[in-house]
Amino acid sequence: MFDRELAQARAHQLLQTYFSLGGTFPVNMKMLASLAGITVKEKYMDDGQSGKLVIQDKKLEAHINIFDSAERQNFTIAHEIAHTLMDEFEHIQFRKLENKNSEMEKLCDEVASDLLLPADEFSRQLKMHGEKLASFKHLAKYFHASLEAVAVKFSGCAANQNRAILFVTDFHLNSRKDLAVSGVIPLTEWEGFVPKGLSLGKEERLADSFYQNNPLEEKMKLRFGQLNGEYLVETYPAKFQMSGKLYNKGYILLSK
């Protein structure tokens with residue numbers, strides 16, 4: 001069992017040192033890594049690998065994927081810093097890709113979120129800009145973090161916890177084009193079940209919001225998987241490019 005409170009306390013102490021030296025938001029992750037005794041280097045890495053810690057000449061280096069976005073690189077650096085805040089780190093020099101879902105990896109993601117998007121400042125920004133998907137773009141820019149990292153942090157900091165965040169993306173199979181739920185973050189008071197892979201096809205207004213890149217925020221009656229009732233629905237449509245083609249993706253925030 002890993003000591004979550006100890007790792008988080010060390011993360012807080014590291015941030016205090018950073019701000020005492022004149023650090024500001026967004027947190028300069030390379031400066032933070034330096035304070036933790038880590039040199040950051042961009043490297044060509046295998047597909048699916050974002051970063052790793054190595055020891056070179058008895059010095060600690062964090063290698064990060066040169067092709068990742070700056071926001072993704074920031075989270076990777078924070079994740080690698082988090083490894084060094086664990087008591088167990090002295091016995092682990094290399095992080096294997098197949099262990100990415102281990103308890104330690106999940107804890108390092110939590111601590112990385114604490115470093116990149118400190119909860120106090122995140123909550124302050126939420127109060128200023130509102131607990132809405134429309135605030136995600138500002139939050140991502142302010143913290144120099146990905147929208148996914150913002151969504152995860154939002155789930156822990158939002159005052160209204162009777163909500164769910166749905167990740168939505170294009171789904172292509174046997175020439176069939178559709179939008180489907182690719183991931184779900186249920187907040188603590190949310191009770192509805194939304195399975196991955198659920199099609200948006202029958203909810204035309206939701207689907208059109210993404211196809212037409214037109215955000216919406218309104219109360220809607222949904223019959224969506226096991227959801228059946230009225231919800232406050234907000235969408236955040238976006239696009240991504242892959243293999244030269246443009247695809248739809250984004251987020252849906254459901255509130256009771």
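These numbers come from the heavy atoms of this one structure, side chains and all, not from hydrogens, waters or symmetry mates.
In terms of modelled atom types and a separation under 3.5 Å, the side chain of Asp57 and the main chain of Lys59 share no donor-acceptor contact. Counting only distance, with no hydrogens or angles, the side chain of Glu42 and the backbone of Ile64 share no donor-acceptor pair below 3.5 Å. Using modelled atom types, one side-chain atom of Thr17 and one backbone atom of Gln13 make a donor-acceptor pair closer than 3.5 Å. Asn74 places a side-chain N or O within donor-acceptor distance of the main-chain N or O of His144, the cut-off being under 3.5 Å. Within the 3.5 Å criterion, the main-chain N or O of Lys30 finds no donor-acceptor partner in the side chain of Ser34. In terms of modelled atom types and a separation under 3.5 Å, the side chain of Tyr18 and the main chain of Thr24 share a donor-acceptor contact. Judged by distance alone, with hydrogens and angles left aside, the side-chain atoms of Ser155 form no donor-acceptor pair with the main-chain N or O of Leu187 at under 3.5 Å.
Hydrophobic clustering of Ile, Leu, Val, Met, Phe, Trp and Tyr side chains at less than 4.5 Å, counting indirect connections, unites Leu147 with Leu116. There is a path of hydrophobic side-chain contacts, each under 4.5 Å, that joins Leu126 to Leu133. Note on Leu32: it clusters hydrophobically with Ile77, by side-chain heavy-atom contacts below 4.5 Å among ILVMFWY residues. Note: the hydrophobic cluster containing Tyr247 does not contain Leu166 (ILVMFWY, side chain heavy atoms under 4.5 Å, direct or indirect links).
To the nearest 0.5 Å, the span separating CG on Asn160 from NZ on Lys256 amounts to 11.5 Å.
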| said: Assess the residue pair Leu60 and Leu53 against the criterion (side chain to side chain contact (heavy atoms under 4.5 Å, CB included)); give the C-alpha distance rounded to whole Å, side-chain angles, the decisive distance to 0.1 Å, and a yes or no. | reply: CA-CA 7 Å; Leu60 203 54; Leu53 283 172; 4.3 Å; yes
| request: Give the C-alpha distance, both sets of side-chain angles, the deciding distance and a yes or no for salt bridge (charged side-chain N to carboxylate O under 4.0 Å, His left out) between Lys52 and Glu80. | output: CA-CA 7 Å; Lys52 64 181 179 180; Glu80 302 306 341; over 6 Å; no
| request: Could you walk me through whether Arg223 and Lys202 pass side chain to side chain contact (heavy atoms under 4.5 Å, CB included), step by step? | output: CA-CA 9 Å; Arg223 297 183 113 184; Lys202 293 182 179 180; over 6 Å; no
| query | Taking it one step at a time, do Arg205 and Glu218 satisfy salt bridge (charged side-chain N to carboxylate O under 4.0 Å, His left out)? | reply | CA-CA 11 Å; Arg205 281 188 55 73; Glu218 62 183 63; 2.6 Å; yes
| Should Leu222 and Asn228 be marked as a side chain to side chain contact (heavy atoms under 4.5 Å, CB included) after you check the CA-CA gap, both sets of side-chain angles, and the distance that decides it? | CA-CA 5 Å; Leu222 296 179; Asn228 188 358; over 6 Å; no
| request: Go through Lys153 and Asp114 one step at a time and tell me if the salt bridge (charged side-chain N to carboxylate O under 4.0 Å, His left out) criterion holds. | output: CA-CA 9 Å; Lys153 198 69 179 187; Asp114 292 340; 3.1 Å; yes
| Trace of the side chain to side chain contact (heavy atoms under 4.5 Å, CB included) decision for Gln125 with Tyr142 | CA-CA 9 Å; Gln125 291 294 320; Tyr142 182 82; 3.4 Å; yes
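For the pair Arg10/Gln8, no side-chain contact is recorded, criterion being any heavy-atom separation below 4.5 Å from C-beta on. Phe167 has its side chain within reach of Glu148: a pair of non-hydrogen atoms, C-beta onward, lies under 4.5 Å apart.
When all heavy atoms of Leu232 and Glu217 are compared, the closest pair comes out as CD1-CG, 4.5 Å. Of all heavy-atom pairs spanning Ala207 and Leu179, the tightest one is O-CD1, 3.7 Å. In terms of heavy-atom proximity, Ala134 sits nearest to Glu234 at N-OE2, 2.9 Å. In terms of heavy atoms, Lys132 sits closest to Phe154 at N-CE1, 4.2 Å. The shortest non-hydrogen separation linking Ile252 to Val168 is CD1-CG2, 3.7 Å. For the pair Ser209 and Leu216, the tightest heavy-atom approach, listed with the atom from each and the gap, is CB-CD2, 3.8 Å.
Note on Glu103 versus Lys106: no salt bridge recorded, every NZ/NE/NH1/NH2 to OD/OE distance being 4.0 Å or above. Classification of Glu131 and Arg163 as a salt-bridged pair holds, one side-chain N sitting under 4.0 Å from a carboxylate O. We find that Lys221 and Glu230 are not joined by a salt bridge, their nearest charged nitrogen and carboxylate oxygen being 4.0 Å or further apart.
Under a cut-off of 6.0 angstrom, the local environment of NE2 in His129 is crowded, with over 12 non-hydrogen atoms contributed by other residues, nucleotides or ligands. The environment of CD in Glu189 is crowded: more than 12 heavy-atom neighbours from other residues, nucleotides or ligands sit within 6.0 Å.
With 3.5 Å as the limit, one finds no donor-acceptor pair spanning the side chains of Asn65 and Ser50. For the 3.5 Å distance criterion, the side chains of Glu71 and Ser146 fail to qualify, holding no donor opposite an acceptor. A donor and an acceptor atom, one from each side chain of Asn213 and Lys239, are nowhere located under 3.5 Å apart.
Under the 30°/60° scheme for interplanar angles, the aromatic rings of Tyr236 and Tyr251 are found to stand perpendicular. The aromatic rings of His79 and His83 sit perpendicular, their planes meeting at an angle over 60°, well past the 30° parallel limit. Taking the six-membered ring where the residue is Trp, Phe143 and Phe25 present perpendicular rings, their angle passing 60° and hence far from 30°.
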